[in-house]
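Read the structure below first, then the notes.
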Amino acid sequence: MRVKLMGVRGTVPVHGAGCVEFGGATSCVFVDAGDEPIVLDAGTGLLTQPLRPFFPDGKLTLLLTHSHADHIIGLPIFPPLFDPSFRCDIYLRTRNSLSAREQVEQLMSPPLWPVTTAAAKAELDFRDVEPSFDIGAVRVDTMESKHPGGSTIYRISRGEKSLVYATDYEPESDAPEDFCEFARGCSLLLIDAQYTDGEYATARGFGHSTVTRSAAIAKNCGAQRTVFVHHDPRHSDTKLLELEREIQKLCPTVSFGREGEEIYL
Ligand SMILES: [Zn+2]
Ligand SMILES: [Zn+2]
């Protein structure tokens with residue numbers, strides 16, 4: 001399984017000299033698990049590199065965690081959307097009584113956006129998220145995150161290899177039973193670690209985890225490797241490198257994700 005981090009910034013995209021190492025694009029992860037290409041979330045990371053070479057058959061599956069803007073804002077100007085030969089299955093759990101299609105349409109409609117989904121030339125198939133389903137030979141399991149308005153945590157497995165994507169997640173302890181059970185022994189854990197402990201004191205309830213808590217969870221669920229995502233937009237490269245150095249003293253299998261980084265499982 002090949003995993004490429006297309007965007008690892010949380011909340012809003014950032015740019016400039018302070019985000020050269022880790023990048024400034026928001027949530028997007030490309031997964032090549034052998035046959036059907038999968039993309040997790042459609043933040044601005046969806047636009048950072050030409051994705052089309054990754055899906056030569058013109059078919060892509062998009063697994064969206066939730067419809068907060070930093071996770072779907074790349075979609076309205078994703079070039080394949082306007083290509084009639086492109087097919088995309090878009091999974092997004094019904095929330096606030098809005099279906100997957102309605103949530104995307106809410107973003108892609110005036111006054112928020114000038115171009116509606118009706119202008120898309122691609123074949124789009126919107127789907128609700130079931131607890132478990134298959135995409136070709138890939139198994140997808142899900143659990144509900146603890147996040148304002150909800151968010152979906154995905155586990156993508158093929159054979160012995162598995163990836164857990166847990167962004168926008170505010171765990172209540174260092175060993176949340178349901179999550180540790182869900183992520184147990186995964187090959188790669190991508191987990192939200194937006195805040196320092198100091199920042200969390202004023203950010204409780206915002207729906208994100210901390211560096212120390214997510215490192216503890218990584219240990220407690222037995223993840224073989226852990227990469228932090230959803231970096232706080234206020235954290236410069238210098239700050240992220242400092243946080244990474246500190247946490248690696250306690251947990252050497254943890255690192256902070258870099259935009260463009262490829263991980264092979
Ligand atoms: Zn987010
Ligand atoms: Zn969110």
Side-chain angles (χ1 to χ4, degrees), residues 3 5-15 19 22-31 39-48 62-78 90-100 102-108 112-113 128-129 142-154 163-172 176 179 182-183 189-196 199-200 202-211 213-214 217 226-235 239-240 243 256-259 261:
V3 177
L5 308 179
M6 310 284 292
V8 289
R9 192 64 59 169
T11 315
V12 289
V14 291
H15 63 92
C19 59
F22 294 90
T26 65
S27 304
C28 186
V29 178
F30 176 76
V31 182
V39 169
L40 290 154
D41 273 340
T44 62
L46 189 67
L47 310 168
T48 50
L62 199 48
L63 302 179
L64 300 174
T65 55
H66 62 315
S67 55
H68 283 166
D70 51 326
H71 298 262
I72 60 168
I73 196 69
L75 195 55
I77 49 168
F78 185 43
I90 302 175
Y91 288 81
L92 175 60
R93 186 165 171 188
T94 297
R95 297 185 194 283
N96 296 79
S97 305
L98 295 173
S99 68
E102 287 166 337
Q103 288 175 72
V104 172
E105 281 176 349
Q106 199 169 54
L107 171 71
M108 291 181 70
L112 292 182
W113 202 264
D128 205 345
V129 174
T142 68
M143 73 168 267
E144 185 63 0
S145 177
K146 192 173 167 290
H147 188 66
S151 184
T152 303
I153 296 173
Y154 289 99
L163 156 73
V164 171
Y165 181 57
T167 188
D168 295 63
Y169 174 41
E170 184 173 3
E172 282 165 321
F179 182 80
F182 181 81
L189 171 63
L190 299 178
I191 187 169
D192 186 316
Q194 179 157 349
Y195 301 125
T196 63
E199 289 162 353
Y200 187 63
T202 55
R204 198 175 289 273
F206 291 179
H208 301 285
S209 187
T210 66
V211 173
R213 173 147 288 173
S214 288
I217 289 174
T226 298
V227 175
F228 290 158
V229 294
H230 212 274
H231 308 329
D232 193 283
R234 298 165 298 180
H235 290 170
K239 178 72 177 176
L240 290 169
L243 292 172
F256 279 70
R258 274 110 171 129
E259 187 177 310
E261 181 177 357

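Order of appearance sets the numbers: ligands from 1, and atoms from 1 within every ligand.
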Is there a side-chain contact between His71 and Thr167 (heavy atoms, below 4.5 Å)?
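They are in side-chain contact.
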
Using every non-hydrogen atom in the two residues, find where Thr226 and Ile191 come nearest and quote the distance to one decimal.
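In terms of heavy atoms, the two residues are closest at CG2-CG2, 3.8 Å.
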
Between the Zn ion (ligand 2) and His147, which N, O or S atom of the residue is the nearest one?
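It is NE2 of His147.
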
Leaving waters out, which protein N, O or S atoms fall under 2.8 Å from the Zn ion (ligand 1)?
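You should have found Asp70 OD2, His71 NE2, Asp168 OD2, His230 NE2.
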
Could you work out, with ring-ring contact (aromatic ring centres under 6.0 Å, His included) as the rule, every residue matching His235, not counting sequence neighbours?
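If we apply the ring-ring contact (aromatic ring centres under 6.0 Å, His included) test to His235, skipping adjacent residues, there are no hits.
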
Verdict with supporting geometry, His147 and His208, side-chain hydrogen bond (donor to acceptor under 3.5 Å, both in side chains):
CA-CA 7 Å; His147 188 66; His208 301 285; 4.5 Å; no

Sorted by first residue and then second, give each salt bridge (charged side-chain N to carboxylate O under 4.0 Å, His left out) pair with at least one member in residues 90-99; sequence neighbours left out.
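Of all non-adjacent pairs touching residues 90-99, those that pass salt bridge (charged side-chain N to carboxylate O under 4.0 Å, His left out) are Arg93-Glu144, Arg95-Glu144.
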
Any residue meeting side-chain contact (heavy atoms from CB on, under 4.5 Å) with Val39, in chain and number order, not counting sequence neighbours:
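Partners of Val39 by the side-chain contact (heavy atoms from CB on, under 4.5 Å) criterion, ordered by chain and then number, come out as Cys28, Phe30, Leu46, Leu51, Leu60, Leu62.
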
